Enquirer: 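Got a structure for you, questions after.
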Amino acid sequence: MLDSKIPAGPLEKKWTDYKGHCKLVNPANKRKLEIIVVGTGLAGASAAAALAEQGYKVKAFCFQDSPRRAHSIAAQGGINAAKNYQNDGDSVFRLFYDTIKGGDYRAREGNVHRLAEVSANIIDQCVAQGVPFAREYGGLLNNRSFGGTQVKRTFYAAGQTGQQLLIGAYQALERQVALGNVTMYSRHEMLDVVIVDGKARGIIARDLISGKLERYFGHAVLLCSGGYGNVFYLSTNAMGSNVTAAWKAHKRGAYFANPCFTQIHPTCIPVTGDHQSKLTLMSESLRNDGRIWVPKKKDETRRPNEIPEEERDYYLERRYPAFGNLVPRDVASRAAKERCDAGDGVGTTKQAVYLDFRHNLINKYGRTEASKQGIVEPDETTLVALGKEVVKEEYGNLFDMYEKITGENPYEIPMRIYPAVHYTMGGLWVDYELMTNIPGLYSLGEANFSDHGANRLGASALMQGLADGYFVLPYTIGNYLSDEIATKPIPTTHEAFTTTENAVNERINKLMGIRGKQSVESFHKRLGKIMWERCGMARNAQGLEQAIREIRDLKDEFWRDVRIPGSIDELNAELDKAGRVADFIELGELMCIDALHRKESCGGHFREEHQTPEGEALRRDDEFMYVAAWALKGEHDWELNKEELKYELVKPSQRSYK
Amino acid sequence: MKWTEFFTSSVGKKLVMALTGLFLISFLVVHVGLNSCIFNDLEWFDPNDNGRMFNKAAHFMGSSVVIRIMEIGLFVGILIHAIQAYVLYVQNTSKRKIGYKVKMGTKGSTWYSKSMTLLGTLLLLFLIMHISHFWVPSRVTGTLDPVQYGDTHTHDLFARMVAVFQNPWIVALYVAGCISLGWHLLHGFQATFRTLGVSNKKYLVMANSAGLIFSILVPVLFALMPISIYLGWIG
Amino acid sequence: MEHYIMNLTLKVWKQKNPASNGKFETYQVKNISSEMSLLEMFDVLNEQLISEGNDPIAFDHDCREGICGACSMYVNGRPHGPWHGTTTCQLHMRAFKDGDTIVVEPWRANAFPVIKDLVVDRTAFDRIIQAGGYISVNTGNAVDGNTIPIEKEKADKAFAAAACIGCGACVAACKNSSALLFVAAKVSHLALLPQGDPERRTRVLSMVAQMDKEGFGSCTFTQACEAVCPKEISVTNISRLNAEYIAGGLGSDKDYGHQ
């Protein structure tokens, strides 16, 4: 059994007690300690900034041309915080409880409670940085509600919340760069962790412009490299999002936890054809105002606006009267798949459902606005016009984006949406201090597995990234580094650096030496297809077993026949991608192994063999109430380590949103 | 921040352009007002004026010490405005050593806003001609005919105008100069206010409208002068 | 939306590295769907080039949903192509028709040197932010978010300015290669908020000084920047920057290292 090092004591006191008792590093010693941060999204940028503010010497790495481009920037809807500004009954406990329940009882109570505790500080910190959150006319912060909760606790900046939060963290980071506390390495990709005497002591990074391998020392290494949704090829992740940093750590001995827990987001723009390179999310916040439906009649040919009310099936409202369109993401996604599989889908591909704003445009926003303006008995056209103005302010950028991609105006015609891979709850196994099982190697944000269990609630990813970076790791890392103050910087000529760099070099040369026939992209697409079909929204033993065989074959074929043009010593996007896809292939196999071993349905992991008579997910707490942390033993060979999940406060029950 | 720093940054240099531009705009108001006195010779007003009102006004201006000092300021203003403009032009164009194959052209911007240096150069050439026509004989060589109105002895600048604007080519050049001025002002007037920090929408609308009226009205009035004389409406 | 298939001619800037001379290469692409994005069309072309044993075209891109600011193609004489308020990645092929020739160039400005093909170095923007594009608040110093009420109109204006994605289209479009819209967006964002007030003067002066050092030109208000900005950032922000500059420059006794 793995030790998660959760402090003793009552749940609500754990973090306070921990902070009161953890070891500290004095300011003079902090200046002697170097920390490597890989990735500059919300978790990485906030950690790098916060650590540098404390006086540590930080080296930050990102593969993009600027830290501001990390994919946290694309998060749309908002960030949760237990502020209870709306006086609607929110509290730290309720945010904690919702997150645990939303995660289908596969997250750690201690971590999640801490997350809920620090959530309020995040909002304050971001406001102080100048993040322009939405405000009421009185000048105070506004909130919206988000899927899976019954309180309004989500802070937002139109549909660009991630952007605004990331720019806040980026600015804090750049301030530290200017002060000389952070050295920034952009267009650099981490390709291995250097381990000296069992502790993480540095990384090998590749300068993506010159292609040179470089060695960097750090007393500790933080991996804040995001999620691995791109294993499915098509996802809402950025094109460059990858698992490589985390996977290299895994190959050096770090456990990979719950890899099969993938979140499929219900509201994305559907695939149009084989050319599709990525999928675009339409924020979940749209479900506050949009109603999801499919036509009742099979093979409906009428345009959506021509279909009368009584011939529409608002299937979420029908199946889940209490939460309606606001059920958690996994529930909404499966329901959409179920309708489309039943042949009720819409659009040319029949793999889509409608998300319709007309009702709320008229009744919610139009009427409020009309009464504000003193318009008595407004007609429908006036209501639509008035409603549009309000909706524009709330989601204008999303509607514009939808129109650019599809060529259809969502103010007039209902959006067509379909689920797509969005977030990965699994990741590197970390303890309460966010340290992996390798001493000195930490993982933050989406790259770790810790807070969301089997399904993440909307607006919680931003919260977790910033919580880890600003308010958790800056405390917990002291507990480790206080014992390292006597450790002198290890010169990068040390043998461990040499052998690690050689291994990286060898792999790159091997990749370049294959000179096969098929492009990297074609392998990635094939991997994605296997994963989506067999390890996607619904999984079964037979499919997963087949997927494992297919992925193994794909791996062989990749290493025999991939074609990478160009050379090593130049900007070579194909080579960068080849390394990432090679890692995705290995990860894909592990995901299927994990999905196969978890003979239950929970959150984003739905095993067709395990469902209630109504088709809802059926958890098996007696057997699977644990975190599956996999250790790599050899090629195609992993060992399962279990971390038992103990619920002290919450009583796990079958999630019900009816 | 030192004054030298303040006026030499990329923003500071534009402030110099805006401040001198604003000064030149204020000069135009005086200049067009004064010269419009020649229209008093029109049939509608006083066909027997023969430039009397204009010459008297010109005399007043020429004999005022304040105005003579302003005149020096005006030359300095023009020089600074022109030199700074050329410095900026050279510096700005050097910021893109390799250009585009397909040019932006006027996508998103007006041609005259992108051609301020060209329009300014035309105006500068025009000014040289204009100064040599009127200011030099009046102030430097003193070759104008004398004229007397009551006790006032002055020189007949009006007669000089009438003489100069008998040549159709010169009239054409003056009209061209006025057109350049119009385009130059159409961009320059409102951009001056933006450079001086006007960001309020209401004020920007005012600056834009005032700029539009100014950059049509002033050049039209100026252009009407040589035209009226050439066509014999005046003189 | 009806979609269609097209064949196109592409003229694309190819340049091996910063030191070498680049030139335009001509490519033919076939069976391009109007539903593709421009970058997906480039993916198709690159796959074709790889299969023919040629070098693919290097270009910056990442999120492909118009928010990261990585993509940066100058398409047919316009940064980010013909659509208004759109990044290159959101430009879809229905903007073109069968038989069209599309000319694609990298951002051109001395301050944005070409790294390879269509990839340019925009780290100058990071250095401008380093010069003062932040509010100096260490983690943990913050007071409760609602203790600072902000007038909604100001908050909205600050948000509109903060929408900048740092793509550099403003520089690419400007005849002077000025970065003033980028700088002004950040100065406005922070100057409009009470939290940004204490550093208001130093911020604008330092950022302008850094912009000048990086080799960007000055602003002539042709407004080409606003016209191509994918986030439609208004040039009134530049006016606001000028006002901030005047107030800061006249009010401050500190030196800012302008050349």
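When reading the values below, keep in mind they use all heavy atoms of this one structure, side chains included, and skip hydrogens, waters and symmetry mates. Note that the structure is a prediction, hence the values are computed from the model and not measured. Numbered from 1 within each chain, the chains take letters A, B, ... in sequence-line order.
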Enquirer: Without hydrogens or angle criteria, can the side chains of C:Ser188 and C:Arg240 be said to hold a donor-acceptor pair below 3.5 Å?
Expert: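 C:Arg240 and C:Ser188 do have a side-chain donor-acceptor pair below 3.5 Å.
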
Enquirer: With the side chain counted from C-beta on, respond yes when B:Asn35 and B:Phe134 share a heavy-atom pair under 4.5 Å apart, and no when they do not.
Expert: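 Side-chain contact under 4.5 Å: no.
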
Enquirer: Non-hydrogen atoms of chain C under 4.5 Å away: do they reach the side chain of B:Leu88, the backbone, both or neither?
Expert: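 Contact with chain C: side chain only.
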
Enquirer: Who among C:Val235, C:Leu250, C:Asn237, C:Leu180 has the most heavy-atom pairs with chain B under 4.5 Å?
Expert: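 Result: the option with the highest number of such pairs is C:Leu250.
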
Enquirer: So which residue, C:Ala109, C:Gly22, C:Ala111, ends up with the most heavy-atom pairs under 4.5 Å with chain B?
Expert: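 Highest number of pairs under 4.5 Å: C:Ala109.
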
Enquirer: Do you know which of C:Cys225, C:Cys174, C:Pro79 has the most heavy-atom pairs under 4.5 Å to chain B?
Expert: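 Looking at each option in turn, the highest pair count goes to C:Cys174.
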
Enquirer: Taking all non-hydrogen atoms of both residues, which atom of B:Ser10 and which atom of B:Lys14 are closest, and how far apart?
Expert: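 Shortest heavy-atom separation between B:Ser10 and B:Lys14 comes out as O-CG, 3.4 Å.
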
Enquirer: Between B:Ser94 and chain C, which part of the residue has a heavy atom less than 4.5 Å away: side chain, backbone, both or neither?
Expert: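 Only the backbone of B:Ser94 comes within 4.5 Å of chain C.
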
Enquirer: If you define the side chain from C-beta out and look only at heavy atoms, does anything of C:Leu10 sit under 4.5 Å from C:Met41?
Expert: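 A side-chain contact under 4.5 Å exists here.
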
Enquirer: Pick whichever of C:Ser177, C:Ala224, C:Ser239, C:Ala227 has the most heavy-atom pairs under 4.5 Å with chain B.
Expert: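 Winner by heavy-atom pair count: C:Ser239.
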
Enquirer: Considering only heavy atoms, which portion of C:Phe24 lies under 4.5 Å from any heavy atom of chain B: side chain, backbone, both, or neither?
Expert: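 Side chain only.
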
Enquirer: Is it true that a side-chain atom of C:Arg122 and a backbone atom of C:Cys167 form a donor plus acceptor pair closer than 3.5 Å?
Expert: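 Looks like yes, one N/O pair under 3.5 Å.
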
Enquirer: Using the side-chain contact (heavy atoms from CB on, under 4.5 Å) rule, take C:Leu91 and C:Phe96 through it: C-alpha gap first, then chi angles, then the decisive distance, then the call.
Expert: CA-CA 10 Å; C:Leu91 175 63; C:Phe96 303 95; 4.2 Å; yes

Enquirer: Return the option, out of C:Glu244, C:His84, C:Arg78, with the maximum number of heavy-atom pairs under 4.5 Å with chain B.
Expert: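 Winner by heavy-atom pair count: C:Arg78.
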
Enquirer: At a heavy-atom distance under 4.5 Å, which candidate from C:Gly217, C:Ala243, C:Gly77 has the highest pair count against chain B?
Expert: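 Of the candidates given, the most pairs with chain B belong to C:Gly77.
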
Enquirer: Side-chain contact, heavy-atom cut-off 4.5 Å: B:Arg194 with C:Gln223?
Expert: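 A side-chain contact under 4.5 Å exists here.
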
Enquirer: Does any heavy atom of chain B fall under 4.5 Å from the side chain of C:Ala172, the backbone, both, or neither of them?
Expert: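 Both backbone and side chain of C:Ala172 come within 4.5 Å of chain B.
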
